[in-house]
Amino acid sequence: SHIRHAWDPHKSVAQNLAEMGLAEDPNKAVPIPKKLLGMEVENDGQQPGKKIVRKPYVVNEMELEASLPEKKSNTLSRDLIDYVRYMIQNHGDNYKEMARDEKNYYQDTPKQIKRKINVYKNFYPEEYKNFVASLKPEKMEVQ
């Protein structure tokens, strides 16, 4: 978006990128020294022309945006949550029975089902605790 806002449609791609301080060709921006390739190169003494950066704020904004911590958008699909809740509700901790259930459309093995339940526990620990607590029948106190 930063590049889009600073883009001048009347200039070429190379001119726009040069004004922003960005490279058009990454091979020219960071050249591989030919000594590394096993060839000797004679230096003719000519320095490549220095380009003037007229829009340095674009690079600065992009660096700032890149340095921000990444948002974790770890969520599970509604289908997986419903699947796990159904299995726990009907079979408790019996993973072998879960594997034989007719709702096990993907034919998950007991270990795969256990792994999915553990993922659900890790993503939504409070929701899992409340769900398991709601499944346990209330014990009546005898007086």
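Everything numeric in this text was worked out from a predicted model, so none of it was measured. All values below come from the heavy atoms of this structure, side chains included, with hydrogens, waters and symmetry mates left out.
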Trace of the side-chain hydrogen bond (donor to acceptor under 3.5 Å, both in side chains) decision for Asp108 with Tyr95: CA-CA 10 Å; Asp108 292 329; Tyr95 300 110; over 6 Å; no
Residue pair Tyr128, Asn122: steps toward the side-chain hydrogen bond (donor to acceptor under 3.5 Å, both in side chains) verdict: CA-CA 9 Å; Tyr128 175 77; Asn122 292 334; over 6 Å; no
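Ionic pairing of Arg100 and Glu97 is not present here: no N-O contact between side-chain nitrogen and carboxylate oxygen is shorter than 4.0 angstrom. The residues Glu127 and Lys121 are annotated as not salt-bridged, no charged nitrogen and carboxylate oxygen being separated by less than 4.0 angstrom.
In terms of hydrophobic clustering, with Ile, Leu, Val, Met, Phe, Trp and Tyr side chains grouped at heavy-atom distances under 4.5 Å, Leu76 and Tyr105 are assigned to different clusters. Linking ILVMFWY residues whenever their side-chain heavy atoms come closer than 4.5 Å, directly or via other members, places Val58 and Val13 in the same cluster.
Not a single donor-acceptor pair under 3.5 Å links the side chain of Lys103 to the backbone N or O of Tyr83.
When all heavy atoms of Thr75 and Phe123 are compared, the closest pair comes out as N-CE2, 3.8 Å. For the pair Met20 and Val59, the tightest heavy-atom approach, listed with the atom from each and the gap, is O-CG2, 2.8 Å. Minimum interatomic distance between Met98 and Gly92 (heavy atoms only, all atoms of both residues): CE-O, 3.0 Å. Scanning all heavy atoms of the two residues, the minimum distance from Leu17 to Glu24 falls at CD1-CA, 3.9 Å. Across all non-hydrogen atoms, the minimal contact from Asn16 to Ala6 is OD1-O, 4.4 Å.
Distance CD1/Ile113 to CD/Gln107: 11.0 Å, rounded to 0.5 Å. One distance of note links CD of Glu61 with OG of Ser1; it measures 8.0 Å at 0.5 Å rounding. Between the OG atom in Ser134 and the CD atom in Gln89 there is a gap of 7.5 Å [rounded to 0.5 Å]. Considering CG of Asn130 and CG of Leu135, their distance stands at 11.0 Å, rounded to 0.5 Å. Atom CD1 of residue Ile117 and atom CD1 of residue Ile88 lie 4.5 Å apart, to the nearest 0.5 angstrom. In this structure, Tyr120 OH and Arg85 CZ are separated by 4.5 Å, a value rounded to the nearest 0.5 Å.
For Asp8, the CG atom sits in a packed shell: over 12 heavy atoms of surrounding residues, nucleotides or ligands are nearer than 6.0 Å.
Residues Met87 and Asn104 are in side-chain contact: their nearest non-hydrogen atoms beyond the backbone lie under 4.5 Å apart. Here the side chains of His91 and Lys96 are not in contact, with every heavy-atom distance at 4.5 Å or above. His2 is not listed as a side-chain neighbour of Tyr57, based on a closest heavy-atom distance of 4.5 Å or more.
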